[in-house]
Amino acid sequence: MRSLPSGSSAAAAPLRAAIHDRAAAAARATAGEAERRAAEMIADAERQASAIADRAVEAGRTAAQADAAQRSARERRRAHELQLAARESLRRDLEARVLALAVELRTGQEYPRLMDALRGEVGTLLGPEATIEEHPDGGVVASLGARRVDLSLPSLARATLESMSGEVAELWTT
Amino acid sequence: MSELRDREPHASALPGARVSHRDIRAIRGPLLTVGGVEGVGWDESVEVETPDGLRHGLVLDVDSDQATVQVFEGTEGLTSGAIDVRFDGRPLHIEVGTGWLGRVCNGRGAPLDGGPPITGDRLAPVAGWPLNPVEREPPHEPVLTGVSVIDALTTLVRGQKLPIFSVAGLPHLALATQIAAQATSAGSSFMVVFAAMGLPHADIAYVRDRLEARTASGELVLLLNAADDPAIERILTPRLALTVAEHLAFEQGADVLVIMSDMTSYAEAVREVSAARREIPARRGYPGYLYSDLAGLYERCGRVRGRDGSVTVVPVLTMPAGDITHPVPDLTGYITEGQVVLSPEIASRGVYPPVDTLSSLSRLMRLGAGKDHTRDDHLDVSAQVLAALAHARQSAALAELVGASALGETDRAYLTYRDTVEQRLLHQGQGETRTLDDTLDRAWAALGVLPRQELTMVSPEMIARRLPGEDAGVRDG
């Protein structure tokens, strides 16, 4: 292989310099492009991360709101049920007192007249052939064949209380 | 009680003085056959005294001196000889009044919330009566549900009956509950009666949770008949709901919305009871009187001349196998004033509520929407949205044939419009309440993706005033 003529190296210097400059420029452009694309990718990633974070925050907020609403609803329900249970307890107390007072009628002076009136009611409902017995808690029970009438004092007291539900409700409405 | 005493030869004025019967001739399933009865009528209310406590029932059938009674709580553990059956002498009555508000009861009105029995101003028969047509006032003024697709396109009007037609698996219960939770009207007070019929317990828990706020604020009555509750109780539930609603509306002056879900379960209970009564079955085993039975419920809604309140009814129906010709939706469609139809296809696109807008219709919308009722542009923008959706459906069909890329610019705009309407107007969160202004603005925004020349049902003045302006120049092109 023959070497280049003397002086050619010096003659090629501008070419080398030009190639070097172009290569350096291309490298700089590539590096710039890489940097620009990296910046774009980073910005895009940041946007995506921000959007994901926003969605997560929104989903979390929605879930938390739904959860809080549900907890709050259940607490309100519990409070409301406590109030209703207190009303029911009042009603049951009243019923127990009315039943106790009704049973006490047995010892009153009016009891014989009351019994006569109840026997009269049995006659109206079942007829004169009905078999009538006194109830242990006062009042009467009667039967005729498969038909029966319960006019015991507790039953009558319970039915009377039921027919006066409006007045009973005044325990908690007034 | 007076009619009873007039009818019975041996009646007493003493409360509780009633003859009880012990001649139990048969116990079959939930049915008791009682002998030796006289003067007992169909649907008469019954008390069954057992060693374990009181049970309740209703007379299903009377044959000479025998009455067949369906016991609500069932006949488990009952033996003849240890049962006393007492007939009330009349169909079921309930006390009506504001005491129902904030309460949760079963399908026959017994409290489930641990409270005392409900008391009221007076007794009313649950069977009720349809409104006298002469006394009716035409429905007017909207009930705003906060659900865009209903408020914008099938506006519910006070006094209207507007059913939701659905199929199993779609979120009709979520929609009905959302309406119950959010609905309002411009009247002095607005109340909701929710009658759940034949719902599974998980659904009942959902309804209770979702409506708790309204229950706590004393605006809601919740009647819950579970899937495992007796069929006869399911027949009473909507009647009870309407009886409570009628009192609140026509005596207390409230606007009352009655949600009844699911009427198909109700109709199946009617079929079951009809079979127990040995009646001749008609279409698909339902009794021949199903039409008049449903009409007897739906026609109890409306407005009454000279009174403030209104009863608006939204029944929910699940169409077996999606068959709109099934007797229940078919007969309901004859009686009601439009329908909101839910579609599995729209649900599959992730849209909630999946309302098929082109199959849905509120026949009374014009009485309650537009100028002086909602917003002056409401009816026009609603018509434009629907017309454009109809065009979009044709464009979608064409795209399936030739491919979306082969469509013209206008057809592609309609496909974009359909997606925009579904995502921005129709799709909504289950807990999201939208104002009517927000809803109509969303409708305008969706119309904004169409070329201006396609907006032929709204006036140029309205377009100038309502259409979002920033894209106007592009649309003109």
Side-chain angles (χ1 to χ4, degrees), chain A residues 62 65-66 69-70 72-77 79-92 94-95 117-118 120-127 130 141-152 154-173, chain B residues 1 8-25 34-38 49 54 65 80-81 84-86 95 97-99 102-104 111-123 181 205-206 208-218 429-432:
Chain A
T62 307
Q65 277 171 346
Q70 197 171 42
S72 155
R74 292 202 167 136
E75 287 308 315
R76 273 200 305 266
R77 179 188 302 170
H80 189 52
E81 283 175 352
L82 281 175
Q83 191 187 33
L84 291 170
R87 290 178 182 180
E88 175 63 359
S89 165
L90 274 176
R91 191 189 69 83
R92 284 183 184 279
L94 176 70
E95 186 180 68
L118 293 178
E121 285 291 331
V122 169
T124 308
L125 290 161
L126 293 180
V141 288
S143 59
L144 180 68
R147 297 195 298 157
R148 186 171 174 270
V149 169
D150 180 359
L151 298 182
S152 63
S155 294
L156 290 172
R158 210 171 277 120
T160 306
L161 205 56
E162 213 170 281
S163 70
M164 298 172 66
S165 56
E167 286 90 331
V168 174
E170 284 174 11
L171 283 173
W172 52 82
T173 54
Chain B
M1 292 293 281
E8 279 198 352
H10 312 299
S12 166
L14 200 62
R18 279 181 292 159
V19 175
S20 53
H21 297 260
R22 284 197 157 171
D23 182 7
I24 308 301
R25 298 189 181 166
V34 189
V37 302
E38 57 177 292
E49 191 146 350
L54 199 62
D65 74 333
S80 52
D84 281 321
V85 178
R86 284 193 296 273
E95 294 194 31
T98 50
R103 299 299 303 271
V104 181
L112 291 175
D113 51 16
I118 289 155
T119 58
D121 309 336
R122 62 175 178 81
L123 282 171
Y206 169 80
R208 283 198 71 182
D209 281 348
R210 188 74 181 79
L211 298 179
E212 190 54 45
R214 207 143 211 177
T215 303
S217 58
Q430 291 188 8
E432 182 185 357

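By convention in this document, chain letters (A, B, ...) are assigned in the order of the sequence lines, proteins followed by strands, and residues within each chain are numbered from 1.
For chain B, the nearby part of A/Leu118 is the side chain; its heavy atoms alone come within less than 4.5 Å. Of the two parts of B/Glu49, neither the backbone nor the side chain holds a non-hydrogen atom closer than 4.5 Å to a non-hydrogen atom of chain A. Looking at B/Asp209, both its backbone and its side chain come within 4.5 Å of chain A, counting heavy atoms on both sides. With a threshold of 4.5 angstrom between heavy atoms, A/Ser163 approaches chain B through side-chain atoms but not through N, CA, C or O. Looking at A/Arg91, the atoms closer than 4.5 Å to chain B (heavy atoms on both sides) all sit in the side chain, from C-beta outward.
When each of B/Gly429, B/Gly97, B/Gly35, B/Ala213 is checked for heavy-atom pairs under 4.5 Å with chain A, B/Ala213 comes out on top. Residue with the most contacts toward chain B among A/Ala159, A/Ser165, A/Gly166: A/Ser165 (heavy-atom pairs, distance under 4.5 Å).
Between B/Arg208 and A/Glu81, at least one side-chain nitrogen of the basic residue sits less than 4.0 Å from a carboxylate oxygen of the acidic one, meeting the salt-bridge criterion.
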Can you give each donor-acceptor pair under 3.5 Å made by side-chain atoms of residues 111-120 of chain B, sequence neighbours left out, with the distance rounded to 0.1 Å?
residue: B/Asp113; atom: OD1; partner: B/Arg103; partner atom: NH2; Å: 3.0
residue: B/Asp113; atom: OD1; partner: B/Gly115; partner atom: N; Å: 3.1
residue: B/Asp113; atom: OD2; partner: B/Arg103; partner atom: NE; Å: 2.8
residue: B/Asp113; atom: OD2; partner: B/Val104; partner atom: N; Å: 3.0

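In the displayed structure, B/Arg122 atom CZ is contacted under 6.0 Å by more than 12 heavy atoms of other residues, nucleotides or ligands. B/Glu432 CD: more than 12 foreign heavy atoms inside a 6.0 Å radius.
Within the model, atoms NE2 of A/His80 and OG1 of B/Thr215 stand 7.0 Å from one another, a figure rounded to the nearest 0.5 Å.
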Give the intermediate values and the outcome of salt bridge (charged side-chain N to carboxylate O under 4.0 Å, His left out) for residues B/Glu212 and A/Arg76.
CA-CA 8 Å; B/Glu212 190 54 45; A/Arg76 273 200 305 266; 5.5 Å; no
